[in-house]
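Below is one structure, written out as structure tokens, with a few remarks after it.
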Protein chains: 2
Amino acid sequence: MDHKTVSLADQVFEHLETDILSGKYQRGDILTENHLCEILGVSRTPIREALRRLQQEHLIVETGKGSQVLGISEDDLRDIYIIREQLEGLAAKMSAEKASEEDINELKSALELQEFYLAKQNSEQIRLMDNRFHEILYKISGSHVFYNTLLPLHKKVQKYRKVSLQSQSRANESVAEHREILNAIIKHDAAAAEAFTAQHVKNAYKHIAGKD
Amino acid sequence: MDHKTVSLADQVFEHLETDILSGKYQRGDILTENHLCEILGVSRTPIREALRRLQQEHLIVETGKGSQVLGISEDDLRDIYIIREQLEGLAAKMSAEKASEEDINELKSALELQEFYLAKQNSEQIRLMDNRFHEILYKISGSHVFYNTLLPLHKKVQKYRKVSLQSQSRANESVAEHREILNAIIKHDAAAAEAFTAQHVKNAYKHIAGKD
DNA sequence: CTATGTTTTTCTGTATACAATTATACTCAA
DNA sequence: TTGAGTATAATTGTATACAGAAAAACATAG
């Protein structure tokens with residue numbers, strides 16, 4: 001389908017972003033350009049461009065002698081969930097009002113895959129399909145601003161969600177909550193979509209923070 | 001004080017960011033690297049690094065044949081204010097809880113300058129001091145996440161605020177609202193700071209959107 | 001005049017060279 | 001051994017060269 005060649009700079013960005021957000025590179029680690037050149041096998045130009053993007057995402061800071069990894073602290077995690085509690089319900093409300101037949105099918109497909117991998121107990125795939133569900137939700141809202149605000153925040157909690165979704169019971173609940181959200185959107189019930197989504201974000205944080 | 005030399009890439013980024021957010025470059029405009037090299041008098045390397053950062057801020061998109069300026073539409077404006085209405089009050093609440101003597105002095109200084117320029121009817125300087133007030137507020141909250149979320153959103157409404165603050169009456173109200181917020185923070189009255197700030201953002205949008 | 005095929009130009013993506021700065025290692029005297 | 005001073009390494013910032021792709025300009029046949 002999508003045979004558009006991706007530039008090395010884009011590949012490097014995604015690679016490093018994933019490694020930082022997964023926790024492979026940890027807070028305080030120093031990434032030097034030459035080191036990245038060696039392990040990734042490309043010249044400094046695409047490396048530097050990727051670093052400028054990571055910098056703008058606040059995943060690294062320039063120290064003048066290497067890029068220092070910031071990563072996501074538990075304080076960051078708490079604040080991200082505070083913000084998502086405020087915004088994600090609104091995005092779902094907007095999505096419920098606007099969702100087309102096709103949008104709903106996309107959500108349905110993501111949810112069915114979650115249920116499939118839930119049955120297989122494949123928590124890694126559950127997480128990826130869970131990501132897709134949220135991303136589609138942001139997209140359907142029709143707002144670039146909501147999309148561009150929520151997507152990076154959601155990406156940044158991956159390391160913690162990974163652990164949380166290894167709990168069979170939480171994975172179960174999470175998928176069930178998605179089902180409720182989807183049903184509300186199918187009915188174009190904006191208020192229900194908002195309420196279910198806000199509650200879903202709250203529940204996710206409760207489990208991640210170990211407070212339930 | 002701050003004689004730290006700023007790289008060309010940083011200068012180019014700030015230059016282009018300002019030009020896009022001020023409306024000098026408009027939605028749809030195409031920026032080619034060579035053209036930017038000529039008008040800014042630097043090589044492609046720092047230009048490209050600046051473009052990667054603008055891309056990450058969603059101010060431009062790569063078309064494969066030049067960078068297309070996105071700018072901020074009126075729909076974006078509405079969504080930005082919806083989000084700020086949700087978040088900015090929370091940031092103020094956090095700031096009221098945490099503000100040190102020095103923090104408060106910083107806010108006070110920014111506010112006094114607003115009042116000074118208000119008397120001089122210098123709307124451009126009022127706007128800049130207004131920006132500073134909000135930025136300090138985000139900073140005092142102590143949350144990188146709130147800071148990094150709110151600051152870019154606030155930057156993106158400059159073009160519209162510029163017009164709004166040319167209204168003497170709105171400039172007056174705005175500065176008065178800041179005064180209320182500051183007083184609440186001085187008293188460490190978190191609930192009042194939250195309420196005044198949320199109302200301030202609402203009022204700002206009402207005026208910008210011409211709905212009052 | 002128009003359509004088509006070809007050449008030329010433009011533009012990006014990447015690698016590399018070089019300068020400037022800063023950290024590191026090393027040498028030698030006390 | 002320690003300390004100062006110096007040479008050396010490492011690292012970033014910037015400019016530039018070159019390849020490849022895409023668009024634009026052009027020319028030619030009908």
Side-chain angles (χ1 to χ4, degrees), chain A residues 1-20 24-71 144 148, chain B residues 1-20 24-71 144 148:
Chain A
M1 304 279 185
D2 199 10
H3 281 279
K4 189 184 153 218
T5 56
V6 173
S7 70
L8 292 182
D10 286 351
Q11 290 178 50
V12 170
F13 171 73
E14 285 175 26
H15 185 114
L16 293 178
E17 186 190 37
T18 302
D19 281 356
I20 293 173
K24 182 174 163 192
Y25 292 126
Q26 298 194 358
R27 192 181 200 81
D29 285 357
I30 297 288
L31 304 177
T32 63
E33 295 174 7
N34 279 327
H35 177 240
L36 293 173
C37 287
E38 281 169 24
I39 61 177
L40 299 178
V42 300
S43 78
R44 285 177 58 212
T45 305
I47 298 283
R48 284 179 63 86
E49 294 185 12
L51 290 175
R52 290 297 86 72
R53 294 176 63 188
L54 294 170
Q55 177 186 349
Q56 205 63 19
E57 281 292 325
H58 310 287
L59 294 178
I60 60 173
V61 281
E62 293 304 314
T63 66
K65 208 74 182 180
S67 299
Q68 187 170 26
V69 173
L70 289 178
H144 292 293
N148 294 333
Chain B
M1 307 280 185
D2 199 10
H3 282 279
K4 189 184 153 221
T5 56
V6 172
S7 70
L8 293 183
D10 287 350
Q11 291 177 48
V12 169
F13 171 72
E14 285 175 26
H15 185 113
L16 294 177
E17 185 190 39
T18 303
D19 282 356
I20 293 173
K24 183 174 163 193
Y25 292 125
Q26 299 194 356
R27 192 181 199 78
D29 285 357
I30 297 288
L31 305 177
T32 63
E33 294 173 8
N34 279 326
H35 176 241
L36 294 173
C37 286
E38 281 169 24
I39 61 177
L40 299 178
V42 300
S43 76
R44 285 176 59 211
T45 305
I47 298 283
R48 283 177 64 87
E49 294 184 11
L51 290 175
R52 290 299 85 72
R53 293 177 61 189
L54 293 170
Q55 176 187 349
Q56 206 63 20
E57 280 295 324
H58 309 288
L59 294 176
I60 60 173
V61 279
E62 294 303 314
T63 66
K65 207 74 181 181
S67 298
Q68 186 170 26
V69 174
L70 288 178
H144 293 292
N148 294 333

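Letters A, B, ... mirror the listed sequences (proteins, then strands); counts begin at 1.
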Of the listed nucleotides (D:dT14, C:dG13, C:dT16), which one gets closest to any side-chain atom of B:Arg48? C:dG13
Atom CG of B:Leu40 and atom C1' of D:dA15 are separated, to the nearest Å, by 15 Å
Output the rounded distance in Å from CG (A:Leu51) to C1' (D:dT11). 13 Å
Separation between CG of B:Leu59 and CD of B:Gln68, rounded to the nearest 0.5 Å: 13.0 Å
For the pair made of CD in B:Glu49 and C1' in D:dA15, what is the distance, rounded to whole Å? 12 Å
Nucleotide C:dC11, atom P - distance to CD1 of B:Ile47 in whole Å: 14 Å
A:Glu38 atom CD is separated from D:dA10 atom C1', nearest whole Å, by 12 Å
Check every strand shown and say whether B:Thr32 touches a base, only sugar-phosphate, or nothing at a heavy-atom separation below 4.0 Å. sugar-phosphate
Considering only D:dT14, C:dG13, C:dA15, which nucleotide approaches the side chain of A:Ser7 most closely? C:dG13
Pairing partner of C:dT4, by Watson-Crick or G-U wobble and under 3.5 Å for both distances, is D:dA27
Is a donor on one side and an acceptor on the other found under 3.5 Å between the side chain of B:Arg27 and the backbone of B:Leu70? yes
Between the base of C:dT10 and the side chain of B:Lys65, is there a donor-acceptor distance below 3.5 Å? yes
Just the rounded figure in Å: distance from C1' of C:dA23 to CD1 of A:Ile30. 13 Å
Tell me which nucleotide among C:dT12, D:dT14, D:dT11 gets nearest to the side chain of B:Ser43. D:dT14
Between A:Lys24 and A:Asp29 (salt bridge meaning N to carboxylate O under 4.0 Å), is one present in this structure? no
Both A:Gly64 and B:Glu33 contact DNA chain C. Taking the nearest nucleotide for each, which residue is further toward the 5' end? B:Glu33
Anti/syn call for D:dA9, syn if |chi| within 90°: syn
So for atom NE2, which belongs to B:His58, do other residues, nucleotides or ligands contribute more than 12 heavy atoms lying within a distance under 6.0 Å? yes
With a 3.5 Å limit on both atom pairs, tell me what C:dA20 is paired to, counting Watson-Crick and G-U wobble, or say none. D:dT11
Given D:dT14, D:dT11, C:dT14, identify the nucleotide with an atom nearest to the side chain of A:Leu8. C:dT14
Without decimals, in angstroms, what is the distance between A:Arg44 CZ and C:dA15 P? 12 Å
Roughly how many Å is it from CZ in A:Phe13 to P in C:dG13, rounded to a whole number? 15 Å
Between A:Arg52 and A:Glu57, is there a salt bridge with N-O shorter than 4.0 Å? no
Among the nucleotides D:dT14, C:dA15, C:dT12, which one has an atom lying closest to any side-chain atom of B:Asn34? C:dT12
